[in-house]
Amino acid sequence: MAANAPDPVLVEIVEGTLASVEKEVETAIARTSRSPMIRDAHDFRAGIHDRALRKLTGRSYSALVHPVARDFPLDTMRPGDVYFHNDVYESEGGIGHLPDLCVTVPVFHDDGQGAGPQVVAFVQAFGHHDDIGGGCPGSMPSGARSVFEEGLMVPPIKLWDQGVPNRAALRIMTRNSRMPDSLAADLDAECAACLMGARRLAELFGRYGRAAVEGCFDAILTATTETYRREILAKIPEGTHVWEDYAEHDGVDPPRLHRQRITLTRLPDRLIIDFTGTSPQAKGPINHCGDYADGNFLKKWLAPILRNLADTPERMAELDVNEGVVPLIEMRFPPKGTLLTPVFPAPTNARTFVILRLLGVLAGVLAKAVDGRMPADQETIRYTGVHGTDEHGAPYLMREVLGGGSGGRHYADGEDTVHVVPDSRNLPTEFTEARFPFRVERLGLAVDSGGAGRHRGGLGYEKHIRMLRDASFMSIADRTILSCWGVKGGRAGHPFQVVIDPGGPNERVLDGLVDAEPVRAGEVIRIRTTGGGGWGDPLERPAAEVLRDVRWGKVSRAAARADYGVPVTGPDGDPAADPAAVEGLRAELRAQRGPDIPFFDRGPGYASLSGGAASAEVDHW
């Protein structure tokens, strides 16, 4: 052990304490908040950062401390201070849209040298809140043309001053919200939880001393850097690869291909991710401010995709993403005015169409570099919900983040109904039916939604909601035209779809971006979320696995025949297939599809937006 190296046992203690404090903060928020989005759907995150603004914990992503430290020098902070912001353009890239409210609490330690308490770390929490004003309930107007339509913007402010809340600021925020009580309760929960986390970390510094604890911080981040360099970057051959994917609509212009392109260059010591070629900023709210703080937030946001290159799934689950990944990634952004470099006041409330698509773009360009040994495309977040008045005349807002299927992998099928936001979940039926005027009549798997492949894509949800009172439906969703792509012969999954009154006299299919579609009492809202893309040739999937999927209700008999070349016979509970019939049908299907199969399959929706082309130039080797 080097002379100045920290005690490895102490490093383990400090690392475990950080993880424990982060979890305790999140648990406190979940137990004391009020809104369904925070308390039940768990659409929030906590993070711990050191005084150099480096993210120390790696279980999940978090926002940044950079904007707080920029506007409030550390030597002006005092114990009991709480800082707040949600301004996208003042957040240094850490906040994507205005409903994400961020609370930051500094941690103090007095080393007894006469200088008094000094800032040594930060505890932070940010989450998606019910409503912060703007043009529609939920503060995500699908046709917004500027950020001014999206709600109240708050640059970094001191929300608590040495333990005293700023009641005037809180009143301004709640006055601008359609759901003031839940907003106030959620903010109280987050402030109290972060203050508690700050006390826990102060105890750690008090027990071991500032020098020892900060030495452990350095060791934790250095270990991450070396682990990713040794176990992940080493799997990527040196060279350059290009790939792109698309958002399909922006809520203002007609649907078209909004390109997000990555040129990936592997150098001996780092990866270069170049976004040159990304489309101009959209008129509607799908833009994301990614080019601040040298892309610090995006580096940590995209880095979890790299973990798919780990030796085993078990090892992948062990790898954290903290500030240690930042030195390994260099980002190059196009000039101002693109989807990733928007110019204020471009709207951003549906920025998930870009920032989540980038996860797939990085996975795709890596797949080209490593001969497909990356997962096919995964589900992306979408918000659905209803709003109106209940039987007492009180306004309500119910929003839900329904997951979808993840992509097939080179060693296994994709997972069904996962949520790309870690630890997030659908709302419990018992809770929603008790609180809101509707009935959930079905919640299950969307049959055939996963892309066909040697390893099938995961399935999305199918949910049926019957309204008991007249209401309005809302949706912020993409992948309604374009599908989650398949790779290396795998087929694309099925896209997202919402149908009102299916089979009834007023049946209608909705666009993905809807603010207030009227739904009459008695009508059903049928929601089907995206399925993940398939991996590998579906005609190579063993017939026994196809029959198992049919028996489990994941694949229909028609899809078994058309997609997998397995003509199914026998009862539903015990399906069968004649081996000779399978061999003959698969030979016929192979002959029909031709020799030039692109490396990526985007599904039939791509042709409708590309002028008839079935694939992009970058989809081929």
* To do: Report yes if some heavy atom in the side chain of Arg178 is under 4.5 Å from a heavy atom in the side chain of Leu397; otherwise report no.
  => no
* Find the distance between CG (Asp245) and CG (Leu359) and round it off to the nearest 0.5 Å. => 11.5 Å
* Test item: Leu64 and Lys300 side chains (from C-beta on) under 4.5 Å apart, heavy atoms -> yes
* To do: Report the C-alpha separation of Val242 and Val365 in whole Å, then their side-chain angles, then the decisive distance to 0.1 Å, and conclude whether the side chain to side chain contact (heavy atoms under 4.5 Å, CB included) test is met.
  => CA-CA 6 Å; Val242 182; Val365 75; 5.6 Å; no
* Asked: Rounded to the nearest 0.5 Å, how far does OG1 of Thr263 lie from CZ of Arg332?
  -> 10.0 Å
* Non-hydrogen side-chain atoms of His128 and Met140 separated by less than 4.5 Å -> yes
* To do: Could you label the plane-to-plane angle of the His42 and Phe44 rings as parallel, tilted or perpendicular, counting under 30° as parallel and over 60° as perpendicular?
  => tilted
* Asked: Sequence neighbours excluded, which residues qualify as side chain to side chain donor-acceptor pair (under 3.5 Å) partners of Tyr396?
  -> none
* Spacing of CE belonging to Met331 relative to NZ belonging to Lys299, to within rounding of 0.5 Å -> 7.0 Å
* Do Tyr461 and Leu445 come close enough that some side-chain heavy atom pair is under 4.5 Å? -> no
* Has the side chain of Asp563 got a donor or acceptor atom that lies under 3.5 Å from a matching backbone atom of Ala452? -> no
* Asked: If we ignore angles and hydrogens, is there a donor and acceptor under 3.5 Å between the side chains of His258 and Gln260?
  -> no
* Asked: Could you walk me through whether Arg357 and Asp478 pass the salt bridge (Lys or Arg N to Asp or Glu O under 4.0 Å) check?
  -> CA-CA 10 Å; Arg357 184 69 63 250; Asp478 64 347; 2.4 Å; yes
* Heavy-atom distance under 4.5 Å between the side chains of Glu248 and Leu257, does that happen here? -> no
* Check whether the side chains of Ser142 and Asp515 place a donor and an acceptor atom closer than 3.5 Å, and report yes or no. => yes
* Distance-minimising heavy-atom pair for Leu358 and Ile262 -> O-CD1, 4.4 Å
* Asked: Mind checking whether His288 and Phe297 have parallel, tilted or perpendicular rings, split at 30° and 60°?
  -> tilted
* Asked: Trp485 and ring pair (Phe, Tyr, Trp, His ring centres under 6.0 Å): which partner among Trp535, Phe599, Tyr246, Trp243?
  -> Trp243
* Asked: Knowing that exactly one of Pro141, Pro99, Pro345 qualifies, which makes a side chain to side chain contact (heavy atoms under 4.5 Å, CB included) with Glu150?
  -> Pro141
* Asked: Given side chains that start at C-beta, do those of Leu366 and Ile305 come closer than 4.5 Å, heavy atoms only?
  -> yes
* What's the spacing between Arg526 CZ and Arg466 CZ if we round to 0.5 Å? -> 13.0 Å
* Asked: With distance as the sole criterion, is a donor-acceptor pair present between the side chains of Ser556 and Asp448 under 3.5 Å?
  -> yes
* **Reported CE-to-OG distance for the pair Met179 and Ser35, which is rounded to 0.5 angstrom** => 9.0 Å
* Asked: Do Asp549 and Arg541 touch side chain to side chain, with heavy atoms closer than 4.5 Å?
  -> yes
* Asked: Is the number of heavy atoms from other residues, nucleotides or ligands under 6.0 Å of Glu617 CD greater than 12?
  -> no
* Using modelled atom types only, decide if a donor and an acceptor are shared between the side chain of Arg399 and the backbone of Asp130 within a distance under 3.5 Å. => yes
* Asked: Is it the case that more than 12 heavy atoms not belonging to Arg479 sit under 6.0 Å from its CZ atom?
  -> yes
* To do: If the plane angle is over 60° it's perpendicular, under 30° parallel, otherwise tilted; pick one for Phe344 and Tyr89.
  => perpendicular
* Check: His249 ring centre within less than 6.0 Å of Phe353 ring centre -> yes
* **Arg520, CZ: over 12 other non-hydrogen atoms inside 6.0 angstrom** => no
* What's the verdict on side chain to side chain contact (heavy atoms under 4.5 Å, CB included) for Arg351 and His97, showing C-alpha distance, side-chain angles and the deciding distance? -> CA-CA 7 Å; Arg351 91 293 185 210; His97 61 178; 3.3 Å; yes
* Looking only at heavy atoms, what is the nearest atom pair of Thr529 and Gly403, with distance? -> OG1-O, 2.8 Å
* Structure fact -> Tightest non-hydrogen contact, residues His620 and Lys368, listed as O-NZ, 4.0 Å
* Val252 and Arg145: which non-hydrogen atoms are nearest, and at how many Å? -> CG1-NH2, 3.1 Å
* Leu402 CG to Leu443 CG distance, which is reported to the nearest 0.5 Å -> 7.5 Å
* Asked: Is there a side-chain contact between Leu510 and Val499 (heavy atoms, below 4.5 Å)?
  -> no
* To do: Applying side-chain hydrogen bond (donor to acceptor under 3.5 Å, both in side chains), run through Thr174 and Ser177 and close with a yes or a no.
  => CA-CA 5 Å; Thr174 55; Ser177 174; over 6 Å; no
